[in-house]
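Computed over heavy atoms, backbone and side chain alike; hydrogens, waters and symmetry mates excluded. Each ligand, and each atom within it, is numbered from 1 in the order the structure gives.
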Amino acid sequence: MSFEGADGSGKSTQAELLHAALAAEGRDVVLTREPGGTELGEAVRTLVLNGPTMGVWAEATLFAASRAEHVEEVIRPALDRGADVVCDRYVDSSLAYQGIARGLGIDAVLQLNLAVTGGLLPDVTFLLLIDPGVATGRHVDPDRLEREGTALQAKVDAAYRELAGRFGERIVSVDAARPPDEIAREVRERLRDRS
Ligand code: TYD
């Protein structure tokens with residue numbers, strides 16, 4: 001299963017809480033995150049987030065390279081031994097950020113990612129939705145970067161909502177503007193409903 005959402009949606013907290021809840025029930029569960037989760041992933045994270053400017057395809061393929069390694073080294077081995085995997089960001093991050101917000105197209109980015117992961121998609125994806133204006137609306141006089149940030153966040157939010165419409169079987173949308181424990185309870189219940 002994976003958690004998705006814009007930056008600041010609280011998805012990392014929810015991934016941790018679900019991991020803890022499943023572990024407390026005695027399940028073998030692995031918590032991991034993207035970009036990251038492997039040495040290559042961490043290197044890609046540094047390169048993409050702090051490195052030289054690059055084109056969108058370079059960005060998409062670097063995230064895909066990190067994902068390929070992540071699946072091979074961490075996720076597949078865990079699934080093969082029967083563990084549950086909770087992943088903080090996965091394919092939908094690439095679909096939302098590179099595919100929709102940055103314009104490469106959902107289908108092209110999905111194809112790339114299906115190829116590099118051997119077609120591995122989550123059984124269920126929890127999408128944490130929060131009004132992008134809530135986090136950034138407090139800046140009375142936003143500077144250029146803040147405005148750009150807000151515009152990108154709004155695009156990413158719209159992108160995720162589009163994905164939720166397209167992959168309605170897999171993606172479960174959750175209202176993230178609530179206390180973390182309340183959200184965690186809903187996530188656990190929704191997961192139970194599906195199994
Ligand atoms: P990170 O610091 O992990 O942010 P967060 O805590 O919000 O997860 O940085 C990840 C950034 O990389 C985030 O802005 C989303 C972006 N990203 C993509 O654009 N495509 C991807 O495939 C992935 C995994 C992340």
Side-chain angles (χ1 to χ4, degrees), residues 1-19 31-75 85-117 119-122 125-132 134-136 145-146 148-164 166-167 170-171 174 176-177 180 183:
M1 53 208 96
S2 63
F3 280 85
E4 295 282 353
D7 303 14
S9 60
K11 69 183 164 38
S12 302
T13 302
Q14 289 306 319
E16 282 164 22
L17 289 173
L18 181 62
H19 172 258
L31 174 65
T32 184
R33 66 162 193 170
E34 290 197 355
T38 65
E39 215 179 317
L40 179 74
E42 292 302 337
V44 165
R45 180 193 199 86
T46 307
L47 195 58
V48 176
L49 301 182
N50 305 313
T53 55
M54 62 179 79
V56 189
W57 269 116
E59 204 177 285
T61 49
L62 282 171
F63 280 123
S66 138
R67 186 161 296 128
E69 196 71 4
H70 190 210
V71 167
E72 197 173 313
E73 289 204 348
V74 179
I75 300 179
V85 175
V86 176
C87 198
D88 180 355
R89 292 197 185 282
Y90 189 63
V91 168
D92 298 294
S93 284
S94 286
L95 300 181
Y97 286 79
Q98 283 71 47
I100 304 174
R102 296 199 186 279
L104 294 183
I106 298 179
D107 292 312
V109 177
L110 181 59
Q111 242 177 12
L112 168 69
N113 278 277
L114 289 175
V116 303
T117 60
L120 185 67
L121 288 175
T125 297
F126 291 102
L127 171 58
L128 299 191
L129 290 173
I130 188 159
D131 177 358
V134 170
T136 44
L145 280 183
E146 280 167 354
E148 251 179 43
T150 309
L152 179 65
Q153 287 305 89
K155 265 194 191 171
V156 167
D157 179 70
Y160 272 124
R161 289 173 199 267
E162 185 179 336
L163 292 176
R166 173 151 169 187
F167 303 106
R170 174 171 62 81
I171 298 182
V174 177
I183 300 170

Look at R166 together with D107 and state whether they make a salt bridge at an N to O cut-off of under 4.0 Å.
yes
Residues K155, E162: salt bridge by 4.0 Å N-O rule:
no
M54 vs L62 side-chain heavy atoms within contact, under 4.5 Å:
yes
Ignoring hydrogens, what is the shortest heavy-atom contact between S94 and R67? Give both atom names and the distance.
OG-NH1, 2.9 Å
For a quick test of reading the model, state the closest non-hydrogen atom pair linking S12 to D88 and the distance between them.
OG-OD2, 2.6 Å
Would you say the side-chain atoms of Y97 and R89 include a donor-acceptor pair closer than 3.5 Å?
yes
Would you check ligand 1 and list the protein residues that come within less than 4.0 Å of it by any heavy atom, ordered by chain and number?
D7, K11, E34, P35, R45, L49, F63, R67, R89, S93, S94, Y97, Q98
